[in-house]
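Just below is one structure, and these are the notes that go with it.
One-based numbering, in listed order, for ligands and for the atoms of each.
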Amino acid sequence: MTTSPATQNLTRAIRGRVLHFLRDPQFHDDAYQYWEDGVLIVTAGRITAAGDYAQLADRIPAGAQVIDHRGKLIVPGFIDTHVHYPQTDIIASPSPGLLHWLDTYTFPEERRFSEPAYAAGVAGFFADELLRNGTTSAMVWSTVHAASAEALFAESERRNMRMITGKVLMDRNCPEFLRDTAETGVQESADLLSRWHGRGRLAYAITPRFAPTSTDAQLAACGELASAHPDAYIQTHVAENRDEVKWAAELFPTARSYLDVYDRHGLLRPGAFYGHAIYLDQDDRKRLADSGAAVAHCPTSNLFLGSGFYDFHESDANRLHLTLATDVGGGTSFSMLRTMNAAHKVARMGGYHLSALRMFFLATRGAAEALGWADRIGSFAIGNEADFIVLDPAATPLLARRSERAATLEEQLFAFAMLGDDRVIDTVYVMGETAGAGAATAAKIAVH
Ligand code: GUN
Ligand code: ZN
């Protein structure tokens with residue numbers, strides 16, 4: 001699936017309904033560009049033009065491959081900012097809540113990732129499952145084992161995917177078989193970072209699981225590693241569940257808040273992603289926004305584990321850097337469309353209207369901006385890497401009927417978000433090449 005030498009310099013023109021975002025439609029007019037009969041021109045895996053087909057037809061060079069997806073919607077590949085690949089096989093495990101779920105299903109499963117062959121098997125399935133769902137990039141959790149991160153990096157590289165992961169750090173309050181130490185955890189992280197961060201399309205995230213499973217010494221060591229590598233990512237969980245928040249307060253009695261535990265150790269900055277972030281106060285929100293760190297909102301997980309409702313009013317009022325994430329296996333679907341469905345309903349429960357345009361922004365350009373990668377992925381800006389997906393508005397009989405009635409772009413996107421899932425993902429392109437097991441497409445291919 002990596003670009004083969006024979007096709008590396010090939011130009012492709014991909015024709016269809018083309019949509020991408022320039023900025024957040026919640027706060028700006030002119031936030032997106034949409035061409036009903038649009039085209040993307042891709043050379044050597046990068047976008048060279050995006051626009052109206054009639055206007056760009058002259059610029060399609062002789063010999064280019066023209067792929068006809070007319071009637072279908074082409075958008076940048078989805079970006080999932082918080083997902084645990086080692087939890088793939090314990091998705092949908094019944095539990096009364098987060099801490100029970102971790103002890104009963106998650107930790108025993110994560111133990112198995114000390115075995116490189118086991119990790120490689122799950123990592124390969126996981127990467128294919130992301131692609132099948134139209135997710136071309138993700139910030140992924142591995143386990144405490146360095147081998148688990150190695151496995152995901154290797155499988156991502158084989159598929160030429162732009163991906164981020166890191167080994168988990170936990171030096172207390174977890175089973176002995178998943179425990180590292182303040183020293184070894186950071187040493188192993190530094191070693192992985194030096195070998196994988198910036199290699200091809202891969203990047204490293206320093207990954208303390210959450211404050212309750214790290215000592216102050218381990219969090220301090222994470223902060224030191226982060227300051228030595230200002231362009232490395234950071235990911236963790238914060239304020240997800242009431243019992244967890246109470247536990248964190250008991251373990252860190254001098255901290256002002258749960259978020260403050262991370263702040264004291266220099267872990268709030270651009271490129272740091274905080275999963276859940278439900279139980280925050282005003283000081284926390286202000287600090288999160290000012291620091292440039294992002295929130296990974298995980299609505300299917302928050303509903304499934306009964307964790308709580310994310311406050312979209314407060315999030316917007318404080319201009320938090322919001323992204324959307326599946327959080328599989330606490331989350332119940334790999335599909336960013338299903339994740340939008342849940343996000344919309346969570347927002348509604350708080351009296352907030354989350355538009356489909358905004359959700360598509362959040363799942364594409366919004367995430368790319370939070371990653372500092374808006375000049376690489378998430379939109380069809382000239383020079384960006386050509387990761388994009390084709391959505392079929394007639395993928396199911398019901399969606400076909402509703403799409404027929406869609407009077408506006410918002411209505412069409414909303415139908416995708418409410419009725420869609422992996423069935424809607426018609427074709428996936430990674431660096432301009434069709435990718436994934438479901439790459440067979442009914443599109444017509446011609447030579448220009
Ligand atoms: N908090 C600490 N670890 C986890 C995890 O694996 N999943 C979720 N949802 N929350 C966590
Ligand atoms: Zn998580």
Practice problem: Answer yes or no for His84: is there an N/O/S atom below the 2.8 Å cut-off from the Zn ion (ligand 2)? | Solution: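 Given the 2.8 Å cut-off, His84 counts as a ligand of the Zn ion (ligand 2).
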
Please check: side-chain N/O of [X] versus main-chain N/O of [Y], any donor-acceptor pairing under 3.5 Å?
X	Y	answer
Tyr233	Leu371	yes
Ser189	Gly185	yes
Thr339	Ser335	yes

Quiz item: Hey, is Trp101 touching ligand 1 through its side chain, its backbone, both or neither, going by heavy atoms under 4.0 Å?
Solution: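 Only the side chain of Trp101 comes within reach of ligand 1.
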
Quiz item: What part of Leu98 sits under 4.0 Å from ligand 1 if we count only heavy atoms: the side chain, the backbone, both or neither?
Solution: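 Only the side chain of Leu98 comes within reach of ligand 1.
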
Please determine if [X] and [Y] form a salt bridge, counting it only when a charged side-chain N lies under 4.0 Å from a carboxylate O.
X	Y	value
Arg23	Glu369	no
Arg256	Asp283	yes
Arg132	Asp128	no
Glu176	Arg179	no

Quiz item: Does some non-hydrogen atom of Glu244 fall short of 4.0 Å from ligand 1?
Solution: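 Checking ligand 1 against Glu244, which is what was asked, there is no heavy-atom contact under 4.0 Å.
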
Practice problem: Mark the output for Trp141 as yes if a heavy-atom distance to ligand 1 is under 4.0 Å, and as no if none is. | Solution: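 Distance cut 4.0 Å: Trp141 fails for ligand 1.
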
Do any nitrogen or oxygen atoms of [X] lie less than 3.5 angstrom from nitrogen or oxygen atoms of ligand 1?
X	result
Gln87	yes
Glu240	yes
Glu110	no

Checking one value in my table: which N/O/S atom of [X] lies closest to the Zn ion (ligand 2)?
X	answer
His237	NE2
His82	NE2
Asp327	OD1

Exercise. Within a distance under 4.0 Å of any heavy atom of Asp327, pick out the atoms of ligand 1 and give their elements.
Key: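 This gives 8 (C), 9 (N) as the contact atoms.
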
Exercise. Could you list the atoms of ligand 1 found under 4.0 angstrom from a heavy atom of Phe210?
Key: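 By the 4.0 Å cutoff, the relevant atoms are 1 (N), 2 (C).
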
Quiz item: Can a donor-acceptor pair be found between the side chains of Asp392 and His69 at a distance below 3.5 Å?
Solution: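 Their side chains do not contain a donor-acceptor pair, so the 3.5 Å distance test is not met.
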
Practice problem: Just need the protein heavy atom nearest to atom 3 (N) of ligand 1, so name the residue and atom and give the distance. | Solution: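 Here the closest protein heavy atom is Arg209 NE, 2.8 Å.
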
Self-check item: Test side chain to side chain contact (heavy atoms under 4.5 Å, CB included) applied to Leu357 and Phe414, Tyr34, Tyr32, the passing residue
Solution: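 Exactly one candidate clears the test, Tyr32.
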
